[in-house]
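What follows is one structure encoded as C-alpha cells, with my remarks underneath.
The sequence lines fix the lettering, A, B, ..., with proteins before strands; numbering per chain opens at 1.
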Amino acid sequence: MELPAIYDPSVTEDKWYSYWLKHRFFHSEPDERPKYSVVIPPPNVTGVLHMGHMLNNTIQDVLVRRARMQGKNTCWVPGTDHASIATEAKVVALLKEKGIDKTGISREEFLEHAWAWKEKHGNIILEQLKKLGASCDWDRTNFTMNPDMSRAVTDTFVHLYNQGLIYRGVRMVNWDPQGKTAVSDEEVIHREVNEKLYYLRYFFSNDGKRGDGYLSVATTRPETIMADLAVCVNPQDERYLGLIGRKVLIPLIDKEIPVIADDYVTMDFGTGCLKITPAHDPNDYEIGLRHKLPVIDIIDPDGTLNDQAQILVGEDRFAARKKIRTMLQESGCLEKEEPYVTQVGFSERTDAVIEPRLSLQWFLKLEVPAKKALEYVEDGRVKLIPDKYRNTYRHWMETARDWCISRQLWWGQQIPAWYLPDGEVVVASTAEEALKLAMKKDPSLKQEDLQQDPDVVDTWFSSWLWPISVFDPGKPGHPQKTPNAELAYYYPTDDLVTAPDILFFWVARMIMAGEIYCQEKPFSNVYLTGMVRDKLGRKMSKSLGNSPDPIELINKYGADGVRMGLMLCTSAGNDILFDESQVEQGRNFCNKIWNAYRLVRSWKRDKSLPLEETSGQAIKWFRQLLASTREEMEDLFLKFRLSEALMLLYKRFWDDFCSWYLEIIKPVGTGKKKIDAATYDTTLEFFDILLHMLHPFMPFITEELWQNLYERNEGESIMVSSIPGTGSYKQEELEQFARLQELIVSIRGLRQKKQIPGKTALKLYIKGKFPENLYGIVKRMGGLEEVVPVKDTPREGNLYAFLIGTTEFFIPLGELLDTKEERSKLQGELEYYRNFLATVEKKLKNPNFVQRAPEQVVVTEQKKRSDALAKIAALEQQLSSLK
RNA sequence: GGGAGCAUAGCUCAGCUGGUUUAGAGCACCUGCCUUACAAGCAGGGGGUCAUGAGUUCGAAUCUCUUUGCUCCCACCA
C-alpha cells in the first residue's frame, strides 16, 4: 500500500464517523456490564459551536472514549436547552426584521414562529459536534422542551408547590426591561460603571410651598425622585435631629414627603440624607415596609416612565435622567454633581441594565435544598475538580436566597397555576386537574372560568432535572415512583464537564433535584473547565473578532489536531489561552504518527532473519516503558490531569517510540527493508498499544491506522477493541536505558561540536559499570566501531573524557582533541562538583542536620558525597592525564 | 466592601503533605543537517537569584506573614 507523506484528515474523519454511526458504537442500552454515563451540558438550541464548546466536549469525549475502551457500557446523552430568554429574544428580533411585533400577535402564533425557528436551527450545534468526533448516543438526543421533558417540569412544579416549597409573592425582583421579564439573582452581572452622584435640594415645605432651607440629598438616580416617599436620616445624626417629622418637597413636582429616621442610613456617605423610593430600590423598599410607606411605581416594564411620574411620561429611564438633570438645574434644585463609580447590574442574557422592580412572582424556597446540596459536596459524594471551587460553592449555598422561578416570557414551560375568578389559585399538572381542584372550592366553575398563569418557568428550572429526566422523565415530581430501568442503571451519572460560571445556576441545582427526587447525587465528579481566551488573555467575543470558527479550524488542521491543541493547554479550572500554534502542534503530531506508520509498513517481514541483539534489547526496554506509561496514565486520569496524560503520550510516541525505538530496530543500508519476524510482529503490537492509548484524544487517525494495522473485519473498531497487555516493568532497567540514552546523546554532542561526520567511526572506552548487552545499541546509535571495557584509564593520548553517573567514558580523538579546551571543560566540571561537594558537606557537618533530619535523607546526602568524591577523583585523574 | 485564587525559562504550564545531585516539560529560540518515514522533519544547544521583603527550620520554589501585580467570585452605601 502506498501512503502519502502527509496525513490528510479530510479523507478519514467523515469516513470513520459514518462507520461508527453505522455500527452504532455510540449507542448504549442497559445491560449487565458496569456503566459509565455522562450527560452533556445542553448547549442553547439557538447556539453555534464556539471554542468553549469545543473544549468542553473534547474533554467529555476523551473521558467517554476511554471508559468505553475499558469495557464499560458507555452512555453520553446529547441534547439542547430551550434557553427561554435568549431564544425568545432571538425570535423577537427575527420577527421584528419581518415587521412583526411580538405584542401584536398571540401567544400561540409566537410559539409557532419559535418552534419553526428551533426546527430550522436547533440541530446546527449538534451536527457540529459530530465533526469534532463526539461519541454521543445520538439516539438519545433530547431537548428540554420535548413534551415529556416539559411534563417533568410541570410535575415538579406541582409537587414542590404541594410541598410548600413554591410560593407566590410580591417581591423586589431583578427586572430586565429589554427582555421584559424578571430574572434570578444569578442572572445579574455586576459591573463597575462611571456615573454621577447628584446632590439635590429638597426644600422644606411651607404648606406645600417652598419654605426656607433645604435638605441636600445625594442620588445616582434623579429620574426616580417622583417616586420618593420620604427622606431618611440616621436617628443618631445630630445634624438632622430636629428635622425628623418635618416635611420636604420633592423637586420639580413639589410633592410633600416626610423626613424619617432609620438606622440603615450611613451618616458619612453623601450628605447623610437618603431619599426613599420604595418601588425602585430594594433597600428603600425594606425601609418603606418598616415605616409603612406606600409604594408609587413610576417605571413601566419596558423601562419608560409612566403617568405616576407626572413629568417626563413616556421617556426611557436614561433619557429621563439626562432631561431631569437639566430641569433640576433650571429649578435651582441641583446643588452639585460629582463623578461616582458604582456597581450596576446587567442582565446576563440581554445586557440591559437591571431595574429593581416590585412584582408578583413565583419563588422556590432554597434553604433546605441548599443545605442538603451543600452536604453532598462537603462530604465528598460529589467531587469538584479543581477542589478550590468548594469554597465558592459553600459560600453560595450558605447564602442562597429564594429562587425567583417565574419569567414573563412565552418560550418555555408555562406555569401550571390557574386563577379562579375570585383570584384564588390552584396548581395542577393539567387544566382538567386544575378544574377538579377548583370545583372543590366552587362546584359551579367551568374550564373557561380558569385563567392559566401566563408566565413560564426559568430555564434552569427545567435543566436542573436534566440528568434525571433524560433517563426517566416520569421521575421528577414523583419522589416515591420507582425509577425505570434506564434511570436505575445510568443514574447517578459519573462525570459532569462544565464551566465554573454555571456552578450555581446549574450544577448546584442538579444536586438539589437529585436529592429531592432520587435521594442520590446526579454525578460523582464535576470537572470544571476554564474559559477559553485568546493568547493575550482576552475573552473571546464576536466584537473583538478573536474567536476562531471551530469548524474552519477543523477543516484546516483536522479534528484530531484541534482536539489535541485544546487538550494540551487545559488544566482543570484554569483559563486556557488559545493559540493556533497549539493546534498546529496537534496537526504535526498526527503527521508524525502517520509517518511512523508509513515506516513500519515499508518493511518486509522475513522469517529467516534472526532477532538482532540490539532489537531484542530495544524491545525489552520499550515493552517495559509502555507498562510504566500505562500505570502513569491511570493515575493521571484518576486525577483528571488530562493535558499531562496527553503530553506523556506525546513524548512516549515521538521521543521514545520514534526517535529511539524505531531508530534502533529499523533496517539499515540502501534498499534493504527486510526485518526479522519477531521484531516486526512486536513493533506492530507496540503500535497497536500506542494507538489504543492515543485513541481517546485522537479518535480519527488512530482508527484509520488501527484498521490498517492488521486484517480487520467489517464491524470492528479500535473504539470497542481491547488493549493488548503490556506486562510489568523494572524501574532499574528503565533507568539503565536512560543512562544509555544519555551516553549516546553525549557522543552525538561530541560529533556535533567537533564536526565529526556520522560516517567516521569512533572508539569508546568504558571504565565502570555499564551492561555489556547494551553495547550493541551504543555502537549503532553512536556510530562506533568498537566499545572496549577497561579497568583503568587508557594510556592512549588525546582522550575525550566524560562521566555519566560514576561511570567514565573515553573517546580517542587524535588530532581533533583540543587539550586546552578539554582542560578548561574538565576544570569547569571539577569546580562544579567541588562546589556541590562543599554544600553537601556543609550539611553533613552540621550536627543539627545529622541529628534531626530523617535517616533516609542523611543517607541520600552521604551517597551524594561519595558520588561527588568519586567524580572529583575521576576528573582530577583525567585532567592530569591530559598534561 | 468581603472572600478566594494566581505569580516558576520568551510563551503555556508541572513541581508546592519542606530534603532524589545546584528547579523540570512542551512550544518558541539558536546552531548544524533535504541522513530514501516525516523540513508539519533529524541531531545538538542556550535560557530561570521560582514576583517582593521578612520569618519558621539543620534545610524553603514548597510552610507563615508583609508588599506589589493580575484573575475570579460574592456583596444593591444612596
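Looking at heavy-atom distances under 4.0 Å, A:T219 makes contact with sugar-phosphate atoms alone, never a base. In this structure, A:C658 reaches the bases: a heavy-atom distance under 4.0 Å links it to at least one base atom across the strands shown. Heavy atoms of A:S659 sit under 4.0 angstrom from primed sugar atoms or phosphate atoms, though from no base atom. A:K842 comes within 4.0 angstrom of nothing in the nucleic acid, heavy atoms only. In this structure, A:T220 reaches the sugar-phosphate backbone alone: every heavy-atom distance under 4.0 Å involves primed, P, OP1 or OP2 atoms, never a base. A:R221 comes within contact range of no nucleotide atom at all, as no heavy-atom separation falls under 4.0 Å. As judged by a 4.0 angstrom heavy-atom cut-off over every strand, A:R587 is placed among the base-contacting residues. Residue-level contact check: A:N846 touches the backbone only, with heavy atoms under 4.0 Å from sugar-phosphate atoms and none from bases. No engagement by A:E584 is indicated, since no non-hydrogen atom pair under 4.0 Å with the nucleic acid exists. A:I6 comes within 4.0 angstrom of a base, heavy atoms only.
In this structure, of B:C77, B:G26, B:C38, it is B:C77 that holds the atom nearest to the side chain of A:Y264. Among the nucleotides B:A78, B:A75, B:G44, the one closest to any side-chain atom of A:Q343 is B:A75. The side chain of A:A596 sits closest to B:A37 out of B:U31, B:A37, B:G26. Checking B:G19, B:A78, B:C74 against every side-chain atom of A:A218, the shortest atom distance belongs to B:A78. The listed nucleotides are B:G19, B:A37, B:A78; the one nearest the side chain of A:T342 is B:A78. Distance from the side chain of A:V857 is smallest for B:G19 among the nucleotides B:G19, B:C42, B:A78. Considering only the side chain of A:N835, B:U22 comes nearest among B:U22, B:C38, B:A78.
OP1 or OP2 of B:G15 has at least one side-chain nitrogen or oxygen of A:R641 nearer than 4.0 Å. For A:N591, no side-chain nitrogen or oxygen approaches OP1 or OP2 of B:G41 to under 4.0 Å. In this model, the phosphate group of B:C72 is not approached by any side-chain N or O of A:Y389 to a distance below 4.0 Å at OP1 or OP2. For B:A40, neither phosphate oxygen OP1 nor OP2 lies less than 4.0 angstrom from any side-chain nitrogen or oxygen of A:K592. Taking side-chain N and O atoms only, A:Y340 has a distance below 4.0 Å to OP1 or OP2 of B:A78. Side-chain nitrogen and oxygen atoms of A:N588 include at least one within less than 4.0 Å of the OP1 or OP2 phosphate oxygen of B:G41. Between A:W396 and B:A75, a side-chain N or O to OP1/OP2 separation shorter than 4.0 Å is absent.
Between B:G18 and B:A4, the distance separating the two C1' atoms is 25 Å to the nearest Å. Distance check on atom P: B:U22 versus B:A60 gives 12 Å, rounded to whole Å. The separation of B:U36 from B:C27, taken at their P atoms, amounts to 24 Å, rounded to a whole angstrom. Straight-line distance between the P atoms of B:C65 and B:G5: roughly 11 Å, to the nearest whole Å. Across the P atoms, B:A75 and B:G26 are found 44 Å apart, a figure rounded to whole Å. If you take atom P in B:C72 and the same atom in B:C33, they sit 49 Å apart, rounded to whole Å. The gap from the P atom of B:U12 to that of B:U17 amounts to 24 Å, rounded to the nearest Å. As rounded to the nearest Å, B:U62 and B:A51 have P atoms that lie 8 Å from one another.
A donor atom on one side chain and an acceptor atom on the other are not found under 3.5 Å apart for A:D262 and A:N234. Side-chain N/O atoms of A:E584 and A:S581 include no donor and acceptor closer than 3.5 Å.
If you find the closest nucleotide of RNA chain B to A:Q582 and to A:M647, the one lying nearer the 5' end belongs to A:Q582.
Put simply, CZ on A:F589 is 18 Å from P on B:C38, counting in whole angstrom units. Whole-Å rounding puts the A:I756 CD1 to B:G44 P distance at 15 Å. What separates CD of A:E644 from C1' of B:A25 is a distance of 10 Å, to the nearest Å. For the pair A:Q741 CD and B:G44 P, the interatomic distance rounds to 11 Å; values are reported in whole Å. In this structure, A:I189 atom CD1 and B:C72 atom P are separated by 12 Å, rounded to whole Å. As rounded to whole Å, 12 Å separates atom C1' of B:C27 from atom NZ of A:K651. Regarding A:R751, its CZ atom lies at a distance of 15 Å from the C1' atom of B:C42, rounded to whole Å. Counting to the nearest Å, the C1' atom of B:C77 and the CD atom of A:E286 are 15 Å from each other.
Judged by the 6.0 Å distance and 45° axis criteria, A:R325 is not positioned over the aromatic ring of A:Y198. The cationic group of A:R201 lies under 6.0 Å from the six-membered ring centre of A:Y214 and within 45° of the ring axis, placing it in a cation-pi geometry.
Remark: A:E186 does not engage A:R401 in a salt bridge, criterion side-chain N to carboxylate O under 4.0 Å.
Ring pair A:F802/A:Y800 is tilted by interplanar angle, where 30° to 60° counts as tilted. The aromatic rings of A:W396 and A:F504 lie parallel to each other, with less than 30° between the two planes, well short of the 60° mark.
Partners of A:S216 according to the side chain to side chain donor-acceptor pair (under 3.5 Å) rule, which considers only residues two or more places apart in sequence or in another chain, are A:E335.
Paired regions of RNA chain B, where each region holds three or more successive Watson-Crick or G-U pairs whose two hydrogen-bonding distances fall under 3.5 Å, are B:1-7 with B:68-74, B:10-13 with B:24-27, B:29-33 with B:41-45, B:53-55 with B:63-65.
Just one residue in the list A:F686, A:Y597, A:F687 forms a ring-ring contact (aromatic ring centres under 6.0 Å, His included) with A:F657, and that residue is A:F687.
Around atom CD of A:E831, no more than 12 heavy atoms belonging to other residues, nucleotides or ligands sit under 6.0 Å away.
Annotation: A:Y393 is not in aromatic contact with A:Y389 [ring centroid separation under 6.0 Å not met].
Judged by centroid separation below 5.5 Å and plane tilt below 30°, A:Y832 stacks onto the base of B:U22.
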